[in-house]
> 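The structure's right below; bear with me while I get my questions together.
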2 protein chains.
Amino acid sequence: MLKEISLPSPHDCSDCPIRHRAVCARCDADELEHLDKIKYYRSFEAGQTVVWSGDPMDFVGSVVSGIATLTQTMEDGRTQMVGLLLPSDFVGRPGRDGSAYDVVATTDLVMCCFRKKPFEKMMLETPHIAQRLLEMTLDELDAAREWMLVLGRKTAREKIASLLSIIARRDATLHLRPAQGKVVFDLPLTREAMADYLGLTLETVSRQISALKRDGVIQLEGKRHVTVPDLDRLMDEAGDDSDGGVFA
Amino acid sequence: MLKEISLPSPHDCSDCPIRHRAVCARCDADELEHLDKIKYYRSFEAGQTVVWSGDPMDFVGSVVSGIATLTQTMEDGRTQMVGLLLPSDFVGRPGRDGSAYDVVATTDLVMCCFRKKPFEKMMLETPHIAQRLLEMTLDELDAAREWMLVLGRKTAREKIASLLSIIARRDATLHLRPAQGKVVFDLPLTREAMADYLGLTLETVSRQISALKRDGVIQLEGKRHVTVPDLDRLMDEAGDDSDGGVFA
DNA sequence: CGCCACATTGACCGAGATCAACAACTGTGG
DNA sequence: CCACAGTTGTTGATCTCGGTCAATGTGGCG
């Protein structure tokens, strides 16, 4: 079944929900106008593949709404998620033809795309864009390294707790609620996607979620709706260095 | 015992061995002269810690020679290496006060350091530096994501083979030898460091290296000197997508 | 209703961790 | 020169966490 996805009418950057966080965050009015000329919107429905690994990619862009994943797959089918793309995150690599990863929409997704060639040209002329992209890339590198610790050294229970606390914290900041005490959110990932993120099997994910529920660390309503009564407790289970947030 | 480390006399960038690969790769003569004013060299001996995680860092810089590691440690002592720094690699994050990781010299090490504040100022004024740093950061992000697949989904044997083939290929390109057929190199890491890199115990590392030796995939002379009779065979064992190098 | 995708739970197994002994090498001091 | 201690690496015995295989549950939609 193909849902009819309404292409969002091109709207002004000034009321863009990711205006202040995306790659264009530092651009002034002139620069936005320039960007406007090379941008277009694309929508994807949940489950659709945005780009296949190895395929040429003639655009780069930002996630406006929804969630996408970056995954790598070995010949025998083992797959590892290597990135979780949330609104304002950047997709694609300037200066490279193809995607190194599969990019898949896990929810309905809207992207603000820039034609690659003009974007690359603009990057050379517009320090504001290159600077912001560098900052975002450094943040992603930090996140990737944090994840390497999760993958390499944490137990299954700690891995699940780590993922939940990341989602909980992101959700809290997104909705401008305090990232402590009680947090409520919906899981944006299937058990299988969580397993691919964590280097586990989906059965282990299921078991550990059940265990955390049994132990009162989380409450579940249905399969996706999660209540965390005490975020500190959850972060404790994640084995994270107590002082949650690294540096500003 | 403290070895006497001779501080290398400040030398001209023009005969710097990493001139064409480091963060200064795209700089012209003027820019190099400017960099020269804020740079200084530091030497470390094998085993010394360059920066502790969380400590303030008043410089950024490039590895000139030797090898350093980036590691994260949990309270209970579990550690995960999150970066392997080879000559020309960049250390430190502009715009951040402290290091998020421990940086440790695993061999004798020489670094070309830039005072942070002036470097940050220069980055804003010198697109060549910001551009090159962006490129290098994107490369590191790709490497980190490649490593996430290794950590999350590969077997112990595949992990060892992956690490060996990475070192072999780097060594081959460094010495401008073809990255195929027979390759010979010295392991720059202890078994424990390899374990920390791969999310294994040092015993498992030792066992798998012995197994690869038994199976003729590698030959060992002493504990560190490795001969790879057939790099393709090794890469096969690593389970890597056959077409070794992703994109250019 | 029955189908299908997603999730849970159980029984069993094996790769890798853990605990422990030992070997090889290096530098130290008598 | 040898005895030694310290570091690094190897190998063996055993245990355990998480993977594998399989049955069962659940909720949405035709």
Side-chain angles (χ1 to χ4, degrees), chain A residues 1-3 45-47 74 76-80 104 106-107 150-164 186-215 218-226 237 239, chain B residues 1-3 45-47 74 76-80 106-107 150-164 186-214 218-226 237 239:
Chain A
M1 181 218 68
L2 271 182
K3 256 182 274 176
E45 50 183 301
M74 298 171 67
D76 62 8
R78 283 177 280 176
T79 75
Q80 175 65 50
V104 180
T106 59
T107 66
V150 173
L151 289 171
R153 292 303 186 191
K154 291 196 178 177
T155 64
R157 170 182 263 245
E158 289 170 333
K159 285 180 176 181
I160 298 290
S162 296
L163 178 55
L164 292 178
D186 281 297
L187 281 174
L189 301 173
T190 65
R191 299 291 184 264
E192 188 180 23
M194 295 175 69
D196 283 343
Y197 207 147
L198 297 167
L200 297 170
T201 59
L202 61 89
E203 293 95 330
T204 299
V205 170
S206 190
R207 273 187 253 274
Q208 295 299 334
I209 288 181
S210 297
L212 289 175
K213 187 170 69 173
R214 254 200 315 281
D215 299 347
I218 59 172
Q219 288 145 25
L220 269 186
E221 210 174 321
K223 294 153 194 300
R224 299 293 193 89
H225 193 75
V226 179
E237 293 281 356
Chain B
M1 182 218 68
L2 271 182
K3 257 180 276 177
E45 50 183 302
M74 300 171 65
D76 62 7
R78 283 176 282 176
T79 75
Q80 174 66 50
T106 59
T107 66
V150 173
L151 289 171
R153 292 302 186 192
K154 291 197 179 178
T155 64
R157 169 181 266 243
E158 288 170 333
K159 285 180 177 183
I160 298 290
S162 296
L163 178 55
L164 292 178
D186 281 298
L187 281 173
L189 301 173
T190 65
R191 299 290 185 264
E192 187 181 23
M194 295 174 70
D196 283 344
Y197 207 145
L198 297 167
L200 298 170
T201 59
L202 62 90
E203 293 95 329
T204 298
V205 170
S206 190
R207 273 187 252 273
Q208 295 299 334
I209 288 180
S210 298
L212 289 176
K213 187 170 67 171
R214 254 199 318 280
I218 59 173
Q219 288 146 26
L220 269 187
E221 211 174 320
K223 293 153 194 303
R224 299 293 193 91
H225 194 74
V226 180
E237 293 281 356

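Sequence lines set the chain letters: A, B, ... in the order given, protein chains first and strands last, and positions in each chain run from 1. Both backbone and side-chain heavy atoms feed into the values below; hydrogens, waters and symmetry mates do not.
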> Say you draw a straight line from CG of B:L189 to CZ of B:R224; how long is it, rounded to the nearest 0.5 Å?
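That separation rounds to 7.5 Å.
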> Report each atom pair, protein N/O against N/O of nucleotides 15-17 of chain C, whose distance is under 3.5 angstrom.
residue: C:dG16; atom: OP1; partner: B:A156; partner atom: N; Å: 2.7
residue: C:dA17; atom: OP2; partner: B:T201; partner atom: N; Å: 3.4
residue: C:dA17; atom: OP2; partner: B:T201; partner atom: OG1; Å: 3.1
residue: C:dA17; atom: OP2; partner: B:T204; partner atom: OG1; Å: 2.4

> Do you know the tightest heavy-atom contact between B:L220 and B:K213?
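What the structure gives for the nearest pair is CB-CD, 3.7 Å.
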> So for the helix from C:dC1-D:dG30 to C:dG30-D:dC1, with five pairs setting each end axis, what is the inter-axis angle to 10°?
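The value is 20°.
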> With rounding to the nearest 0.5 Å, note down the distance linking CD in A:Q80 to CG in A:D196.
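These two atoms lie 7.0 Å from each other.
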> Show which side-chain atoms of residues 197-204 of chain A pair as donor or acceptor with protein atoms under 3.5 Å away, not counting sequence neighbours.
residue: A:T201; atom: OG1; partner: A:T204; partner atom: N; Å: 3.3
residue: A:T201; atom: OG1; partner: A:T204; partner atom: OG1; Å: 3.1

> Quickly work out the B:L212 CG to D:dT10 P distance and round it to whole Å.
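About 12 Å, once rounded to whole Å.
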> Between atom CD in A:E221 and atom P in D:dG27, what is the gap in whole Å?
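One finds 12 Å between P of D:dG27 and CD of A:E221, rounded.
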> Taking salt bridge (Lys or Arg N to Asp or Glu O under 4.0 Å) as the test, write out the residues that go with B:R191, two or more places apart.
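Not a single residue meets the salt bridge (Lys or Arg N to Asp or Glu O under 4.0 Å) criterion with B:R191.
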> With the threshold set at under 4.0 Å for non-hydrogen atoms, list the residues of residues 188-196 of chain A touching DNA chain D in residue-number order.
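Here the set is empty: none.
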> Measure from the side-chain N and O atoms of B:R78 to the backbone N and O of A:R153, and report whether any donor-acceptor pair falls under 3.5 Å.
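Yes.
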> Measure NZ/A:K159 against P/D:dG18 and give the value in whole Å, please.
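Answer to the nearest Å: 8 Å.
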> Have a look at A:R224 and say if it touches a base, only the backbone sugar-phosphate, or nothing, with a 4.0 Å heavy-atom cut-off.
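If one applies the 4.0 Å heavy-atom cut-off, A:R224 turns out to touch the sugar-phosphate alone, with no base involved.
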> Using whole Å, report how far CG of A:L198 lies from C1' of D:dG19.
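Going from CG in A:L198 over to C1' in D:dG19 covers 15 Å.
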> Report the distance from atom CG of B:L202 to atom C1' of D:dT10, rounded to the nearest whole Å.
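In whole Å, D:dT10 C1' and B:L202 CG are 10 Å from each other.
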> Whole Å only: how far is the CD atom of B:E203 from the P atom of C:dC19?
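It is 10 Å, rounded to the nearest whole Å.
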> Could you measure the distance from the CE atom of A:M194 to the CD atom of A:Q208? Nearest 0.5 Å is fine.
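Here the interatomic distance stands at 11.0 Å.
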> Looking at CG of A:L163 and CD1 of A:I209, how far apart are the two atoms once the value is rounded to the nearest 0.5 Å?
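Those atoms lie 8.0 Å apart.
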> Going by salt bridge (Lys or Arg N to Asp or Glu O under 4.0 Å), name the residues that satisfy it together with B:K154, two or more places apart in sequence or in a different chain.
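Only B:D240 meet the salt bridge (Lys or Arg N to Asp or Glu O under 4.0 Å) criterion with B:K154.
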> Hey, does the side chain of B:E237 reach the backbone of B:E158 with a donor-acceptor pair shorter than 3.5 angstrom?
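It does not hold such a pair.
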> Could you tell me how far apart A:I160 (CD1) and C:dT8 (P) are, to the nearest whole angstrom?
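Going from CD1 in A:I160 over to P in C:dT8 covers 10 Å.
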> Could you tell me which non-hydrogen atom of A:K159 sits nearest to which non-hydrogen atom of A:V150, and how far apart they are?
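Heavy atoms of A:K159 and A:V150 come nearest at CE-O, 3.3 Å.
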> How many whole angstroms separate atom NZ of A:K223 from atom C1' of D:dT24?
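From A:K223 NZ to D:dT24 C1': 12 Å.
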